[in-house]
Chemist: 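What follows is a single structure, and I will ask about it in a moment.
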Amino acid sequence: MTTMPQAKYRKDYQTPDYTIDEVDLDIRLQDHQTLVSSRLTVRRQGEHNEPLRLDGEALKLINIELDGEVLSEHRFQVVNNQLQIDDVPEAFELLIITQLDPANNSALEGLYKSGGAFCTQCEAEGFRRITYYLDRPDVLAVFTTRLQADKDKYPYLLANGNKTDSGELENGQHWVSWHDPHPKPCYLFAVVAGDFDLLEDSYRTKHGRDVALQLFVDKGNLGRAEFAMRSLKAAMKWDEVRFNLVYDLDIYMIVAVDFFNMGAMENKGLNVFNAKYVLADAKTATDQDFLNVESVIGHEYFHNWTGNRITCRDWFQLSLKEGLTVFRDQEFSGDMSMRPVHRIQDVRIMRTHQFHEDSSPMAHPIRPDKVIEMNNFYTVTVYNKGAEVIRMLHSLLDEQGFQKGMQLYVERHDGQAVTCEDFVCAMEDANSTELRQFRRWYEQAGTPVLSITESYDASAERYTLHCRQHTAATPGQKKKQAFHIPLRVHFYSDSGELLKLTSDELKNDILQLTEEQQDFVFEKVKEKPVPGLLAGFSAPVKLDYEYQEKQLLTLLAYSQDPFICWDAAQQVYLQAMKKAIAAGSPVQLSQASLDALKHKLENQQSDPALVSLLLQIPSEESLSGEYDVIPVADIHRVCGELKQLLASELEKELKETYSSCHPQGAYQFAPTDIAQRMLANTCLAFLANLKNPEITALLERQFSKADNMTDELAAMQAAVHANHTSADNMLREFAAKWQSNSLVMDKWLATQASAARSSTLDSVKQLTSHGAFSWQNPNRIYSLVATFTHNLAQLHREDGEGYRWLREVIVRLNSSNPQVASRLVTALLQWRRFDEKRQTLLKQELKTLQELPDLASDLYEKVEQSLQQD
Ligand code: TRP
Ligand code: ZN
């Protein structure tokens, strides 16, 4: 019997009637008939004699025994993915045997096969696909796991905690048992079985514990695992120094797998990683890939405290661990290298993806109130906006106050499953402050718009900032209350000196906005300042202040805050593009703006990475965020025009910079080299639009001579994105060279899916039958299909072919991998933001999906939510 997926509400939380203190698992691994015996020590917690209800999905139940006695069929029932047993004692032992078919598990949730290896993914609710259990994060148990499998095929048998015993059996089988002393929720359970190459190292904690570090990768990949190992040791050290958090087991294992729905998973002592966040060497990985490895390795390691030792009470609290852990990995990356680059990249994610989500039918607060499918809430809102909320706390309390709060949080809640509220309370108590209004960041969805005007009274020497905040309605939340917004401001004179303005309300450069409307008055101001507003992107808001071009150029030239400097350039571009769209005329930049950019290029030595970032124009997707109804063709036109314009106007400076800033010597992953490659490759991308023989020679030389993937890929991308005549040749050569490396071929797929050509959809369709593509592997699908969904002009073709093809893809993935299908459907949900013709086409595809028999809950939730507001 199929029932409609049911919503759960945060307000309905109740402590579980039963809890489980110990779990003893015995898993006999086989491709199609894995047997799982689970021995549970269960204890009643509730007042009433409620039935015991265990979660279970897609399981074949073989046997149940209660306190050693087989339960006959009338003692239990299985309804709606729950196993219900009516009369149970206060405390008892339950033995449950289930049978699984991991080789046919294409959803990659629960126990599945990745290539030749068995592995698991239990977050959020995947453990119920392994055995019947109280699959909720507030049930903490001590796990013991015994694994048995064929010894030749699966020489390594891994689980959480410490290895306790092992042995060999007849008929080629062997077994290993593991014990994890730390009570944990079942979403942190993991097993892996396979044949790997193993990179080993060790780390001595500041408490003197020697931790064995083991990194398991597919055979032949040891050389590409070293950077991940270095990053891990750096992360362990960093957490000790900056957060005083120390590792707590004698072993830390990481396994890289090819088939994985997300980035990586922080299972206690046994992280499972998408191989693309482990494997990196100069030849096959770009600088950005290296940085991503560093950040994801850090992220999963940091979860050991923020997520594992202190976990979530319920899934509505997901941002408790994810927002905080993203904040921690961002700080780790920033402390390791190039802090401004990381910050600007994080802001880009917020502005393009998170703001976009806030304006979509799936808009939700960082702590959602209503969920149908939990997998749908691993979002940029929960993760990245969640991190921005933590960052605001950090700004309000400063590093010292924030760390005091962290210390109290850990002291109070170690070993518990807690809420976002508990976290905020710890911050308040440790700092003897109150954050009542600040809590609205957890409650209200949407992007606040901060409108600022100013007035200056020269005779009174008084300067006033008039601030208004407004947050548009989001689904289910009509009226919003004012947020507590830390607004970091710097002031400059017209000639670029930093001015020290004073006001009682300005502390550490921060104004605290708490009202819908608020004025801030500064006295003794001798000249009208240029305000650098929202320095460091101090709050996840949209700033609405009418900067004059002259002010922007002052900030671009002189701001000491890299974000403000970068944003000034972005505003110059946005203003030019919006003006061109409004007037239906070609994009123009003033001579003053061009001169300012030339000046930056000529003086790039001080910060080539920042110059690279500030030259890059906003993507079509981020420009679309400026419009209620997205003018697809106009956006496509002006982005193309602006690139062309910058290339021709700055040709001389771009060429000079290109040849002067390429690092000398062999490839090195070092900040100064990375920054130089960034700038050189940004210059090359502009120059590729010029299409003269000299540029062709530059492009082709870099493509064929590069000793590293950063430069090789950059040349190919520059050619493809500029529709350069060399593009097709490069694509061909690249494929011939890299056909046996699937992670590199992902870049090849993505490059073609992002091409601004009217033939892009056709090539994408054709690529689905290329040997480099597979419908089974999420990395391949994300590279080709998800990249295409971000190609604004090609997805939103007027003839609706982009939509139709995407819907077909989603139908196909609905049955094989609903999590991946659900990530792709996002592109179709925003029909309200397009013209009528596209609205009709989009809604038609959504309705087709809605009528699909066996629509997965992941897709059901999003499609319903999108069409509901019709
Ligand atoms: N907790 C993981 C992280 O560190 C997220 C994750 C990994 C996940 N795999 C998943 C979430 C599968 C849902 C489903 O961010
Ligand atoms: Zn995480």
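Numbering of ligands and ligand atoms starts at 1, following listing order. Residue numbers count from 1 along this sequence. Everything numeric in this text was worked out from a predicted model, so none of it was measured.
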Chemist: Looking at Lys321 and Glu266, is any side-chain nitrogen of the basic one under 4.0 Å from a carboxylate oxygen of the acidic one?
Modeler: yes
Chemist: For atom 15 (O) of ligand 1, find the nearest protein heavy atom and state the residue, atom name and distance (0.1 Å precision).
Modeler: Tyr383 OH, 2.6 Å
Chemist: Identify, by atom number and element, the atoms of ligand 1 in contact range of Glu266, meaning under 4.0 Å from any of its heavy atoms.
Modeler: 1 (N), 2 (C), 3 (C), 4 (O)
Chemist: Could you label the plane-to-plane angle of the Phe402 and Phe243 rings as parallel, tilted or perpendicular, counting under 30° as parallel and over 60° as perpendicular?
Modeler: perpendicular
Chemist: Could Lys747 and Asp289 be called an ion pair, given the rule that one side-chain N must be under 4.0 Å from one carboxylate O?
Modeler: yes
Chemist: Give the atom numbers and elements of ligand 1 that come within less than 4.0 Å of a heavy atom of Ala264.
Modeler: 2 (C), 3 (C), 4 (O), 5 (C), 6 (C), 7 (C)
Chemist: Could you list which atoms of ligand 1 come closer than 4.0 Å to a heavy atom of His299?
Modeler: 3 (C), 4 (O), 15 (O)
Chemist: Tell me whether the centres of the aromatic rings in Tyr252 and Tyr301 are closer together than 6.0 Å.
Modeler: yes
Chemist: Which bit of Glu123 is near ligand 1, meaning a heavy atom under 4.0 Å away: side chain, backbone, both or neither?
Modeler: both
Chemist: Describe, in one word, how the ring planes of Phe302 and Trp238 are oriented to each other, choosing from parallel (under 30°), tilted (30 to 60°) and perpendicular (over 60°).
Modeler: tilted
Chemist: With heavy-atom distances below 4.0 Å as the criterion, list the atoms of ligand 1 near Asn375.
Modeler: 13 (C), 14 (C)
Chemist: Look at the rings of Phe438 and Tyr442 and say which category their plane angle falls in: under 30° parallel, 30 to 60° tilted, over 60° perpendicular.
Modeler: perpendicular
Chemist: What are the two closest heavy atoms between Pro102 and Phe118, and how far apart are they?
Modeler: CG-CE2, 3.6 Å
Chemist: Need one value: angle at the Zn ion (ligand 2), His299 atom NE2 versus Glu322 atom OE1, rounded to 10 degrees.
Modeler: 110°
Chemist: Under 4.0 Å from a heavy atom of Met265: which atoms of ligand 1 are those, numbered in the order shown and with their elements?
Modeler: 1 (N), 2 (C), 7 (C)
Chemist: Side chain, backbone, both or neither: which applies to Lys321 and ligand 1 if a contact is any heavy-atom pair less than 4.0 Å apart?
Modeler: side chain
Chemist: Of the backbone atoms (N, CA, C, O) and the side-chain heavy atoms from C-beta on, which set of Gln819 has a member under 4.0 Å from an atom of ligand 1: side chain, backbone, both, or neither?
Modeler: side chain
